[in-house]
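Below: the structure, in structure tokens.
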Amino acid sequence: MTIPQRLQHALAWQKDLAERGIHFLPIRHHSPACAYATLQALQQLQARHVLIEAPRSFNRLIADLQHPESQPPLAVLCQTEIIEQNVDAVNGETVEQKQTRTAYYPFCDYSPEWAALRYAPEINAQVEFIDLAWSSQVEHELQTFAKQTWQSRSLQQERYLGHSQYLQALVHKLHCRNHDELWDHLFELKSKKEMNDWQNFFHEVLVWCAMSRLDYEDSVLEADASLVREQCMLQSILECYENNKGTICVITGGFHTLALIEELAKQLLSEKPKKIKKIKSADQNDQAWLIRYSFDRLDALNGYASGMPSPAFYQRCWQQMMDDSANDVEQRQALTVELLSDFSRQLREQQILDSSFITIKNATEQAMRLASLREHHLISRFDLIDACQSSFVKGSLDEGQQAFQHLLRQILSGARLGQVVQSTQTPPLLAQVYELAKIHRFKLDETSSKRTKLDVFRNQKHRLRSRFLHLLEFLQVGFAKSVSGPDFLGGGRLHLLFEEWDYAWTPHVEAQLIGLSELGSDLNTIAVQKLLQLKETFSQSGQGRSSHLAVQLLIRAALMGLHKQIPILFAEIQQYLPNDPDLDSVIQCGQKLLNLWIGKDFLAFQQQPELKGLLEQVIPSALFLLSQLATPPADQQQQILNQVLQLRNLSKQIQRVVEGEADWLTQFYETLARLHTDWQKLDILAGAVDALRFIDGDLTEQNLQQSIQQHFGIGASPEHAVAYLSGMMQSAPELLLRYPAMAKLLNQLLLQWDEATFVAILPDLRQAFTYFKPKETAAFAEQIAQLNDVSSLDISQYMSEVSQAEMLQGVQLNQQLQQFLVDQNLQGWLA
């Protein structure tokens with residue numbers, strides 16, 4: 001390969017700078033080969049200063065990073081606040097909003113930066129981070145891209161390597177699948193002897209990275225802050241060179257090394273040094289914390305933008321690499337057997353594939369032969385993957401093998417979670433939650449999801465664990481998700497005695513807790529603040545005195561164990577309930593209070609007499625609002641009907657709980673009686689009320705039959721009759737089955753209609769009968785068949801999976817056909 005002249009100059013300058021004591025170690029992030037070569041370089045050079053590409057604001061964390069209790073994978077979480085100005089769409093005013101921009105700088109055991117950090121104290125080397133502060137990088141990007149969709153990112157991005165035209169051409173020439181396989185082929189599979197020759201190793205890495213760098217114009221690199229970052233790093237290198245003595249090792253992503261060598265040569269190797277622009281790095285604006293990280297988050301296959309995929313695989317490779325006592329080829333073969341055996345066992349346990357010892361043997365031999373064929377010194381990750389796919393899978397690799405592929409990727413990726421020393425750099429809130437999670441015996445040693453089952457009604461410890469989980473769920477930390485259990489907010493599954501939760505401690509959880517730290521250092525205090533913010537949101541939307549929303553807050557507080565807030569919230573509901581002007585709100589409030597009553601043991605409301613007192617207020621408040629309702633227009637009748645049905649059920653339920661002298665059901669029907677004159681004109685409401693009164697003993701059978709006769713008898717309007725029927729079906733569909741007279745009257749009514757009327761009214765009629773269960777529909781159809789002397793067999797012949805629209809279209813087509821025959825004097829065909 002002919003090396004471009006620009007790169008030839010840089011390689012010559014690199015040697016000259018090395019003679020002055022400045023050694024560049026260009027790396028690929030999270031590369032075991034680069035980490036091993038870095039250690040060889042530091043050991044041989046006995047460097048006095050190690051300069052690493054990372055934001056300068058991280059320097060205060062170096063002691064924690066070098067502490068023995070800090071174990072990878074871990075990361076520095078960096079955040080900065082910006083103020084965005086947006087124009088309000090309603091009033092056109094400019095509104096300032098605070099936004100947080102987040103980035104991660106991860107380390108694993110085989111990260112070259114980590115290897116240098118941990119080895120530096122052994123040679124008394126000073127470590128310094130030299131990159132531009134994160135807040136300055138954000139500011140630069142905002143100036144370039146005023147509006148952009150933001151998401152948290154890695155500070156070690158390698159997207160330029162992945163899209164380099166040079167590397168893509170090299171991938172094609174060497175028959176690799178992508179630049180990851182190319183990197184393995186050229187670097188990761190080198191022997192230890194080759195990596196011990198660190199000068200030649202980093203020479204090759206520099207050429208590899210520099211050739212990809214030449215694919216990009218400065219305008220592209222300026223846009224994403226690459227150039228300004230390199231100016232900051234250059235400035236730090238010069239300061240270290242001018243102010244200190246001893247060998248300097250500069251460890252940066254290889255993509256930046258070419259530019260750094262060129263700019264440094266202009267300053268130190270030129271007779272007329274070029275004046276460099278001073279870059280101000282806003283270190284003080286960065287907030288940085290050390291957090292635990294995980295292999296699954298580190299995996300490039302999961303969307304991580306830096307470094308290599310399959311961290312669990314490379315972790316094992318690194319551990320073997322650091323063992324100088326054994327043959328590296330034999331070590332890699334043993335590692336291959338271990339991974340394949342583990343993979344085979346899990347395939348059987350998860351019932352994905354039935355594999356055997358022979359399969360493992362074949363896969364191992366296949367991996368070794370592939371490595372030999374591809375001229376690999378060691379078995380590569382891709383050799384192992386290809387061997388698995390060809391040996392374990394019988395047939396083609398298609399969508400049916402998703403579980404196989406997922407498990408293979410999971411084994412190579414891993415779920416290991418690091419450890420971080422507890423220090424003053426750890427936000428108190430994060431430390432508190434971590435300790436509470438351990439106290440409640442949640443497993444926090446890996447990021448894979450786990451399920452816990454809690455006996456919340458009978459086990460006090462489980463109840464406390466539940467409150468902790470509800471607290472974190474309310475704060476949207478991302479630690480746990482409810483799978484099953486009683487839902488006191490929604491009113492579902494209240495018969496269940498157990499809660500089930502899926503949980504996992506991930507870097508995202510730590511990041512969320514760090515974000516919450518600005519609100520305080522105590523979990524309960526922050527939850528109370530969030531409750532108050534939620535209440536303020538209700539007020540801003542005009543719902544500040546809603547009894548329904550107030551009882552929601554009460555339930556949330558009880559689930560989280562915020563018992564100091566419960567008397568305050570009870571007092572607010574007592575104040576809001578009698579004055580709530582919204583009937584829906586009062587009904588929902590009553591239903592949620594009933595939910596609280598059902599869960600009073602779990603929610604610790606046994607000693608709360610206010611709960612029973614509130615229940616006694618619900619029905620009088622709701623009936624007063626019901627009595628004030630005017631006759632609703634057509635488009636509101638269904639809503640009113642739903643409220644009536646809910647209120648009737650609520651009256652019966654509260655009556656059973658309160659057991660007082662007041663008869664809520666009687667008062668409910670008395671209120672309806674005062675409205676009934678107007679409501680008789682509203683057929684859907686009249687039908688529902690008649691049915692409810694009859695099944696609750698407030699209307700005699702004779703009176704019910706008179707009302708039905710009035711709506712279904714001779715001369716009755718089809719539209720009004722079907723609306724009345726719909727009301728009855730919604731409130732008490734069993735009446736049509738229990739009283740054959742109703743089926744007879746309905747049948748007589750239908751016989752009065754001509755076909756055009758039937759077709760017009762059919763959709764509403766079908767809608768009315770949807771309130772029957774399938775067996776009830778069959779029983780009612782049998783009744784109608786008997787009234788019309790039709791056999792059950794004849795009915796079944798008409799049953800098919802036909803939609804309402806298709807059926808109506810068929811009926812209308814039949815009508816058109818009949819009319820056509822009449823027009824053509826072919827009536828005889830109709831017979």
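Owing to the predicted nature of the structure, the values given are computational and were not obtained by experimental measurement.
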Quiz prompt | CD1-CD distance between Ile385 and Glu181, expressed to the nearest 0.5 angstrom | solution = 9.0 Å
Self-check item: Expected output: side-chain Glu194 to main-chain Ser191 donor-acceptor under 3.5 Å
Solution: yes
Exercise. Start with the C-alpha gap between Leu186 and Val205, add the side-chain angles, then the distance that decides, and say whether side-chain contact (heavy atoms from CB on, under 4.5 Å) holds.
Key: CA-CA 9 Å; Leu186 296 177; Val205 174; over 6 Å; no
Quiz item: For the residue pair Trp198 and His23, does the interplanar ring angle fall in the parallel (under 30°), tilted (30 to 60°) or perpendicular (over 60°) class?
Solution: perpendicular
Quiz item: Of the non-hydrogen atoms in Glu113 and Ile52, which two are nearest, and what is the gap between them?
Solution: CG-CG2, 3.6 Å
Quiz item: Between Ile123 and Ala47, what is the shortest heavy-atom contact and its length?
Solution: CD1-O, 3.7 Å
Quiz item: Is there a side-chain contact (heavy atoms from CB on, under 4.5 Å) between Phe255 and Leu221 once you walk through the steps?
Solution: CA-CA 11 Å; Phe255 189 81; Leu221 304 176; 3.7 Å; yes
Quiz item: Can you tell if the side chain of Pro32 reaches within under 4.5 Å of the side chain of Gln320, non-hydrogen atoms only?
Solution: no
Quiz prompt | Member of Thr38, Leu117, Thr252 meeting the side-chain contact (heavy atoms from CB on, under 4.5 Å) criterion with Pro112 | solution = Thr38
Exercise. Report yes if the side chains of Tyr105 and Ser111 come closer than 4.5 Å at any heavy-atom pair, otherwise no.
Key: no
Practice problem: Take atom CD of Gln126 as the centre, draw a 6.0 Å sphere, and report whether it contains more than 12 heavy atoms from other residues, nucleotides or ligands. | Solution: no
Practice problem: Write down the atom of Cys108, the atom of His30, and the distance for their closest heavy-atom approach. | Solution: SG-ND1, 3.8 Å
Quiz item: What distance do Ile291 atom CD1 and Leu77 atom CG have between them, rounded to the nearest 0.5 Å?
Solution: 4.5 Å
Quiz item: Can a salt bridge be assigned to the pair Arg374 and Asp383 using a cut-off of 4.0 Å between side-chain N and carboxylate O?
Solution: yes
Quiz item: Quick one: are Leu268 and Arg20 in side-chain contact, heavy atoms under 4.5 Å?
Solution: yes
Self-check item: Approximate separation, where rounding is to 0.5 Å, of Leu264 CG and Phe24 CZ
Solution: 5.0 Å
Quiz item: Is there a side-chain contact between Leu384 and Phe313, using heavy atoms and a 4.5 Å cut-off?
Solution: yes
Only distances under 3.5 Å count here; give the side-chain donor-acceptor pairs of residues 6-17 to other protein atoms, sequence neighbours excluded, each with its distance to 0.1 Å.
from: Arg6; atom 1: NE; to: Glu262; atom 2: OE2; distance (Å): 2.6
from: Arg6; atom 1: NH2; to: Glu262; atom 2: OE1; distance (Å): 3.0
from: Gln8; atom 1: NE2; to: Ile3; atom 2: O; distance (Å): 2.6

Quiz item: If you take all heavy atoms of Ala387 and Ala367, which pair is closest and at what distance?
Solution: CB-N, 3.6 Å
Quiz prompt | Where Leu298 and Tyr110 come nearest, the two heavy atoms and their spacing | solution = CD2-OH, 4.5 Å
Quiz item: Are any non-hydrogen side-chain atoms of Phe58 and Cys78 less than 4.5 angstrom apart?
Solution: yes
Quiz item: Is the shortest distance from a Lys or Arg side-chain nitrogen in Asp445 or Arg292 to a carboxylate oxygen in the other one below 4.0 Å?
Solution: no
Quiz item: Do NZ/NE/NH1/NH2 and the carboxylate oxygens of Arg316 and Glu338 come within less than 4.0 Å?
Solution: yes
Quiz item: Are Leu51 and Glu128 side-chain neighbours, meaning at least one heavy-atom pair lies under 4.5 Å?
Solution: yes
Quiz prompt | Nearest atoms (heavy-atom pairs only) where Ser448 meets Ala415 | solution = N-CB, 4.1 Å
Quiz item: How many angstroms lie between atom CG of Leu189 and atom OG of Ser380, to the nearest 0.5 angstrom?
Solution: 5.5 Å
Practice problem: Go through Val76 and Tyr104 one step at a time and tell me if the side-chain contact (heavy atoms from CB on, under 4.5 Å) criterion holds. | Solution: CA-CA 6 Å; Val76 178; Tyr104 296 89; over 6 Å; no
Quiz item: Given the rule in the side-chain contact (heavy atoms from CB on, under 4.5 Å) test, do Ser70 and Val421 qualify, once you have shown the distances and angles that lead to the verdict?
Solution: CA-CA 5 Å; Ser70 294; Val421 60; 3.3 Å; yes
Quiz item: At what distance, to the nearest 0.5 angstrom, does OG of Ser212 lie from CH2 of Trp208?
Solution: 6.5 Å
Quiz item: If only atom types and distance count, is the side chain of Gln71 paired as donor or acceptor with the main-chain N or O of Pro68 below 3.5 Å?
Solution: yes
Quiz item: According to the interplanar angle, ranging from 0 to 90°, do the rings of Phe201 and Phe187 count as parallel (below 30°), tilted (30 to 60°) or perpendicular (above 60°)?
Solution: perpendicular
Quiz item: Measuring from Lys190:NZ to His185:NE2, what's the distance to the nearest 0.5 Å?
Solution: 10.0 Å
Quiz item: Is there a side-chain contact between Met195 and Gln40, using heavy atoms and a 4.5 Å cut-off?
Solution: no
Quiz item: Can Gln366 and Ser391 be counted as having a side-chain donor-acceptor contact under 3.5 angstrom?
Solution: no
Practice problem: Before giving the answer on side-chain hydrogen bond (donor to acceptor under 3.5 Å, both in side chains), spell out for Ser31 and Glu188 the whole-Å C-alpha distance, their side-chain angles and the decisive distance to 0.1 Å. | Solution: CA-CA 8 Å; Ser31 160; Glu188 293 301 326; 2.4 Å; yes
Quiz prompt | Check: Phe129 and Leu61 side chains under 4.5 Å, non-hydrogen atoms | solution = no
Practice problem: Please check if atom CD in Glu122 has more than 12 non-hydrogen atoms from other residues, nucleotides or ligands closer than 6.0 Å. | Solution: yes
Quiz item: Where the side chain of His140 meets the backbone of Glu222, is there a donor-acceptor pair that is under 3.5 Å apart?
Solution: yes
Quiz item: So, Asp328 versus His377: side-chain donor-acceptor pair below 3.5 Å or not?
Solution: yes
Quiz item: So, Thr364 and Gln333: side-chain donor and acceptor under 3.5 Å apart, yes or no?
Solution: no
Practice problem: Inspect the surroundings of NE2 in His406 and state if more than 12 heavy atoms from other residues, nucleotides or ligands are less than 6.0 Å away. | Solution: no
